Amino acid sequence: AFGTALARNNAGEQALPFLDLATKLYEQVSQTVPDRKSALASFYARQGNGDKTFELLSEVQPTPDELAEIGQSALQSRKLSKSQIEQLIALVKAMFEQHPDNLNIGLCLGDLYGWIVDWKNAAETYRQVLKAHPDQFVALNNLAMVLASSQQDLAAAKAAINQAIAVMGPRDFLLDT
């Protein structure tokens with residue numbers, strides 16, 4: 001985490017030793033504990049190394065939560081190519097279709113659609129999440145953001161954020177929406 005923070009703050013030279021050490025440690029763990037390859041894939045996604053991420057994803061069958069973690073790590077990096085983003089969306093979408101009640105994979109898919117400014121699919125995904133988790137404040141907040149940002153349905157955006165506030169109380173991140 002420290003190396004990643006340095007790299008994000010344009011201190012790349014200072015970050016390299018930390019990132020190199022972290023890479024070696026993750027690789028060692030994934031070799032000794034094979035079911036931890038998903039953690040290594042998430043690490044590579046966080047570093048923006050899409051090639052290594054997808055290489056590992058071709059070797060393992062991540063759980064919905066593991067794939068959601070990988071997707072969220074890729075979102076943090078903002079470094080995947082357009083084709084890699086599309087490939088990740090396809091994997092996450094397929095997983096969400098298999099596990100429509102899994103909160104993490106649903107939120108991840110909605111977030112990925114938001115990343116590529118596909119407001120229609122993002123809103124549809126958050127609505128699907130809310131069918132299984134009607135009071136899930138993150139999905140409500142994200143739906144409100146998508147609807148408001150895209151000018152799709154301001155009344156529905158207001159209703160969603162008001163419901164999130166009713167569930168969680170007047171939290172700053174909800175009031176910002």
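Since the structure is predicted, the reported quantities are computational estimates derived from the model, not experimental observations.
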Tell me the closest heavy-atom pair linking [X] and [Y], and the distance in Å.
{"X": "R78", "Y": "W115", "result": "NH1-CD1, 2.9 Å"}
{"X": "A41", "Y": "I70", "result": "CB-CD1, 3.8 Å"}
{"X": "P62", "Y": "L57", "result": "CG-CD2, 3.8 Å"}
{"X": "L80", "Y": "S77", "result": "N-OG, 4.5 Å"}
{"X": "C108", "Y": "A68", "result": "SG-O, 3.7 Å"}

Nearest 0.5 angstrom please: [X] [atom1] to [Y] [atom2], how far?
{"X": "T53", "Y": "Y44", "atom1": "OG1", "atom2": "OH", "answer": "8.5 Å"}
{"X": "Q87", "Y": "K82", "atom1": "CD", "atom2": "NZ", "answer": "14.5 Å"}
{"X": "L112", "Y": "N121", "atom1": "CG", "atom2": "CG", "answer": "11.5 Å"}
{"X": "F54", "Y": "N49", "atom1": "CZ", "atom2": "CG", "answer": "10.5 Å"}

Partners passing side-chain contact (heavy atoms from CB on, under 4.5 Å) against E59 (at least two apart in sequence or in another chain): K37, E55, L56
For S38, is there any backbone N or O sitting under 3.5 Å from a side-chain donor or acceptor partner on S42? no
Run the side-chain contact (heavy atoms from CB on, under 4.5 Å) check on Q136 and L107 step by step: do they pass? CA-CA 10 Å; Q136 214 298 318; L107 290 175; 4.3 Å; yes
Return a table of donor-acceptor pairs under 3.5 angstrom between the side chains of residues 88-103 and protein atoms on other chains or two or more places apart.
residue, atom, partner, partner atom, Å
N102, OD1, N104, N, 3.1
N102, OD1, I105, N, 2.9
N102, ND2, D65, OD1, 3.3

Partner residues of Q152 under the side-chain hydrogen bond (donor to acceptor under 3.5 Å, both in side chains) criterion, sequence neighbours left out: S150
With sequence neighbours left out, the residues meeting side-chain hydrogen bond (donor to acceptor under 3.5 Å, both in side chains) with S83 are S81
Could you tabulate the donor-acceptor pairs under 3.5 Å formed by side-chain atoms of residues 138-148, not counting sequence neighbours?
residue, atom, partner, partner atom, Å
N141, OD1, T177, OG1, 2.4
N142, ND2, D111, OD1, 3.2
N142, ND2, Y126, OH, 3.4

Can you give the donor-acceptor pairs under 3.5 Å from side chains of residues 158-175 to other protein atoms, not counting sequence neighbours?
residue, atom, partner, partner atom, Å
N162, ND2, K158, O, 3.3
Q163, NE2, P134, O, 2.9
Q163, NE2, D135, OD1, 3.1
R171, NE, M168, O, 3.3

Full working for side-chain contact (heavy atoms from CB on, under 4.5 Å) between V129 and K131: CA-CA 5 Å; V129 169; K131 285 179 186 174; over 6 Å; no
